[in-house]
**Student:** 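Okay, here's the structure, questions in a sec.
Owing to the predicted nature of the structure, the values given are computational and were not obtained by experimental measurement. We count ligands from 1, going down the list as the structure has it; atoms in each ligand are counted the same way. All values below come from the heavy atoms of this structure, side chains included, with hydrogens, waters and symmetry mates left out.
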Amino acid sequence: MGRLQLWLVVLAALSGIVAQEDLYRKVFVFRKDPSDAYVLLRAKLEQPLQNFTVCLRSYTDLTRPYSLFSYATKAQDNEILLFKPKPSEYRFYVGGKFVIFRVPEGHGDWEHVCASWESATGIAEFWLNGKPWPRKGLQRGYTVGVEAAILLGQEQDAFGGGFDVYNSFSGELADVYLWDVGLSPDKMRAAYQSLRLPPAILAWKSLSYEVKGDVVVKPRLREALGP
Ligand SMILES: *[C@@H]1O[C@H](CO)[C@@H](O)[C@H](O)[C@H]1NC(C)=O
Ligand SMILES: [Ca+2]
């Protein structure tokens, strides 16, 4: 390591900078069940959110409840939450309230979900494997706070904590994105197909994250869309 590189490493350590990484064709493997592990995500958020879209892909054989994406503020632990209480249901929370989307039980395959919300109308969209579900209404006029703890793998009941190991995720997670806009139907399908996507607050191809506990980054075993 050269002197300049060493200096940069020291500088990064001192300032707590978390490296950005392109996780293309990689996954987070959450190895334990139940688990206290999680991945902390760093987002570039400046303004409260009137609109957002969150997308991710998961692969698990869990049948108990688990959290997929947990965004908490100091005022509201379920500010944005994607939660799967059982194999036939997703819960989408905004500002502590939720709507339910009933889904067919998975067939042991990757599941891609996108959930979006628009304050002006309170419309919540839910897309599973590139297909939209009937839209629902949630928290019209609400604003999502920005000072947030954003976690994969655990469900927060307090800012950055308050975990229940029996709501933890175990399995593989990939393609995590958060946008401060509602994505168009074309972009929702593009997210499912892993095509080119608009710039995001959280993007899988330049993710700033910190692993806490037993989570490993590994190459994908196969393409999520392929055989
Ligand atoms: C949120 O979305 C609505 C509807 O698309 C739009 O009119 C509004 O300007 C957006 N708000 C922000 C802050 O982007
Ligand atoms: Ca909670």
**Student:** When you draw lines from the Ca ion (ligand 2) to OE2 of E155 and to OD1 of D157, what angle lies between them, to the nearest 10°?
**Tutor:** 110°

**Student:** Establish, yes or no, whether a centroid distance under 6.0 Å links the rings of Y209 and W204.
**Tutor:** no

**Student:** Please go through V165's hydrophobic cluster and name the other residues, only I, L, V, M, F, W, Y counting, with side-chain heavy atoms under 4.5 Å joining them.
**Tutor:** Y166

**Student:** Does atom 5 (O) of ligand 1 have any protein heavy atom closer than 4.0 Å?
**Tutor:** yes

**Student:** Think K84 forms a cation-pi with Y66, using NZ or CZ under 6.0 Å from the six-ring centre and within 45 degrees of its axis?
**Tutor:** no

**Student:** Do protein heavy atoms approach atom 2 (O) of ligand 1 to less than 4.0 Å?
**Tutor:** yes

**Student:** Just one of Y93, Y90, F126 clears the ring pair (Phe, Tyr, Trp, His ring centres under 6.0 Å) bar with F101, so which one?
**Tutor:** F126

**Student:** Name the closest protein heavy atom to atom 13 (C) of ligand 1, giving the residue it belongs to and the distance to 0.1 Å.
**Tutor:** Q50 CG, 3.7 Å

**Student:** What protein heavy atom sits nearest atom 10 (C) of ligand 1, and how far away is it?
**Tutor:** N51 ND2, 2.5 Å

**Student:** Cationic tip of R91 within the cone over F83's six-membered ring, i.e. under 6.0 Å and within 45° of the normal?
**Tutor:** no

**Student:** Can you tell which part of E118 has a heavy atom less than 4.0 Å from ligand 1: side chain, backbone, both or neither?
**Tutor:** side chain

**Student:** Identify which one of K26, R220, K205 satisfies the salt bridge (charged side-chain N to carboxylate O under 4.0 Å, His left out) criterion when paired with D175.
**Tutor:** R220

**Student:** Taking just the N, O or S atoms of D77, which one is nearest to the Ca ion (ligand 2)?
**Tutor:** OD2

**Student:** For a distance under 3.0 Å, tell me if N78 has an N/O/S atom near the Ca ion (ligand 2).
**Tutor:** yes

